[in-house]
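Treat the numbers as computed from the prediction; the structure is a model and nothing was measured. Heads up: numbering here begins at 1 and tracks the sequence.
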Amino acid sequence: MNFDRAQALLEQLRDADEDEQHRIILSMTPAELLELDAWFEFWAHNGQLPPPDDGWRAWLMMAGRGFGKTRAGAEWIFRLANGKPGARIALVGATIADARSIMVEGVSGLLSVAKTHRCRLQWEPSLGRLKWPNGSEAQLFSGDHADGLRGPEFAFAWCDELAKWREAEMAWDNLQFGLRRGPRPRALVTTTPRPIPLLKRIGEDRWTVTTGGKTSDNINLEEKFIEVMTATYGGTRIGRQELDGELIEDVEGALWTREMIGRSRARPLHHPPDGSPPPGKLEDEFDRIVVGVDPPAGVGEGSDACGIVVAGSCGETLYVLEDATVRGLSPEGWANRVAAAAARWNTGLVVAEANNGGAMVESVLKAADLGLKVRLVHASKGKCALAEPVALKFEKGKAVFVGEFPELEAELGGMQAGGGYEGPGRSPDRADAMVWALTALGETRSGLPRVRRL
């Protein structure tokens, strides 16, 4: 079936009543039905179709759940690979498992789309590689492992659920450096909106075109599902984000709003207002300094980061001084980073959560004989219960940030009253480390010695 024939059939179906539609469909051959079904452009809504102009480098499809983002991404990649022999393509999911189960093997993934077009692809799951008959190849990557994108070069990329990537900033930047193959390299980002800095940065880039829509735009979804979801979540913040595809700056019930974070910035106590260097060492301005640690439960790709945040106190005010969080290191590796942070700030106290490997911090630091006092703490009340009084200190101006910490602040903005989390990644490791440090500083001074350099 050629393009004109397919277009004429679709127009007839659109204009016909139900009986006439049945007559037209019954008059078609099985081959014609399969070909018409494969013409995604005819069935898709505008938000699922590539931007018509040629000046863009990134296509951001930010839409509600069930909108059809995965099908649109798979169709776009399939056509590019089919039409550009030898193309090299990056498929980047939140994890390798997600990239495989959703982008390749899913009901709307590339294998399903290829079957619709009666094209047989060679899928090598052990290598995370998908091959086309014309020599085009797509390789799976993970937003959890940014270094995996360092080195290879691509003509096209499809990035799925970018707001869930653990190493979103670094992975996206590495991909941009590698997106250099061919005359017009470009990337598609399909994601449900979340208020993370990277999404905002991509959306504001002059080489980005943004499309999107609502869950209800997908005519393939059951009407009852749309009805129930709209009745349950319509008009709520979560409904606006998850169903309407709206990017909401503050999540519902956020303990730290963007406005609160913005007004909670301060210079160190004795820094001149003109930005010139202070007369003494920065650490000497504080009564006490603590390194807060939220250890990861595992090691390697897919594991949480080791949250490392340095905080200090002077009088009744608490100061966030440094975010030294690391990811992907061995227990000895991140424990040494904790020791290095303590040395930089001339402190002898480390506060680490014992629930997830805090004992490792204690044993490694003691083995290194660095003279650090390691205090293990337990989240017996729940992390939200610990975070709420810390957030209140920021609200009252009794806790501030010395500088800007974008990744830490993005996690704080995702922490919700009641224990929910809607920030970047799957765990607020940096935020938890900050909460441990500030909680320790807010307690009585007994038992927490601080040696100051004279």
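The closest donor-acceptor contact from the side chain of Glu388 to the backbone of Ala417 lies at 3.5 Å or more, if one exists at all. The closest donor-acceptor contact from the side chain of Ser108 to the backbone of Thr70 lies at 3.5 Å or more, if one exists at all. At distances below 3.5 Å, not a single donor-acceptor pair connects side-chain atoms of Arg57 with backbone N or O atoms of Ala187. Using a distance-only test at 3.5 Å, with no hydrogens or angles considered, no donor-acceptor pair links the side chain of Arg181 to the main chain of Leu179.
We find that Asp217 and Lys214 are not joined by a salt bridge, their nearest charged nitrogen and carboxylate oxygen being 4.0 Å or further apart. Ion pairing between Asp144 and Lys164 fails under the 4.0 Å rule for side-chain N and carboxylate O. Between Glu409 and Arg258, none of the side-chain N atoms (NZ, or NE/NH1/NH2) sits under 4.0 Å from a carboxylate O, so this pair counts as no salt bridge.
Taking Arg206 as the reference, nothing meets the salt bridge (charged side-chain N to carboxylate O under 4.0 Å, His left out) condition, with sequence neighbours excluded. Listed by chain and residue number, nothing satisfies the side chain to side chain donor-acceptor pair (under 3.5 Å) test with Trp56 (two or more places apart in sequence, or in another chain). Shown here are the side chain to side chain contact (heavy atoms under 4.5 Å, CB included) partners of Glu167, two or more places apart in sequence or in another chain: Ala146, Arg327. Every residue meeting the side chain to side chain contact (heavy atoms under 4.5 Å, CB included) condition with Leu140, not counting sequence neighbours, appears here in chain and number order: Leu91, Ile96, Ala99, Arg100, Val104, Trp123. Shown here are the side chain to side chain donor-acceptor pair (under 3.5 Å) partners of Glu75, two or more places apart in sequence or in another chain: Arg71, Arg79, His117.
At a cut-off of 3.5 Å, with distance as the only test, no side-chain donor of Glu137 or Gln139 sits close to an acceptor on the other residue. For the 3.5 Å distance criterion, the side chains of Thr190 and Trp158 qualify, holding a donor opposite an acceptor.
Between Tyr319 and Phe401, the ring center distance fails the sub-6.0 Å criterion. Taking the centre of each ring, Phe154 and Phe141 come in below the 6.0 Å mark.
Between Trp132 and Phe78, the two ring planes are tilted [angle within 30° to 60°].
Applying the salt bridge (charged side-chain N to carboxylate O under 4.0 Å, His left out) test to pairs two or more places apart or on separate chains, those with a residue in residues 389-401 are Arg263-Glu395.
Using a 4.5 Å cut-off on side-chain heavy atoms (C-beta onward), Glu227 and Glu223 make no contact. Between Val290 and Val350 the shortest side-chain heavy-atom distance does not fall below 4.5 Å. Annotation: side chain of Gln176 is not in contact with side chain of Asn174 (no heavy-atom distance under 4.5 Å). Contact of the Thr192 side chain with the Phe67 side chain is not registered, since no non-hydrogen atoms from C-beta on lie closer than 4.5 Å. Residues Ile226 and Thr215 are in side-chain contact: their nearest non-hydrogen atoms beyond the backbone lie under 4.5 Å apart.
In this structure, Leu221 CG and Ser216 OG are separated by 9.0 Å, a value rounded to the nearest 0.5 Å. The distance from atom CG of Asn336 to atom CG of Leu329, rounded to the nearest 0.5 Å, is 9.5 Å.
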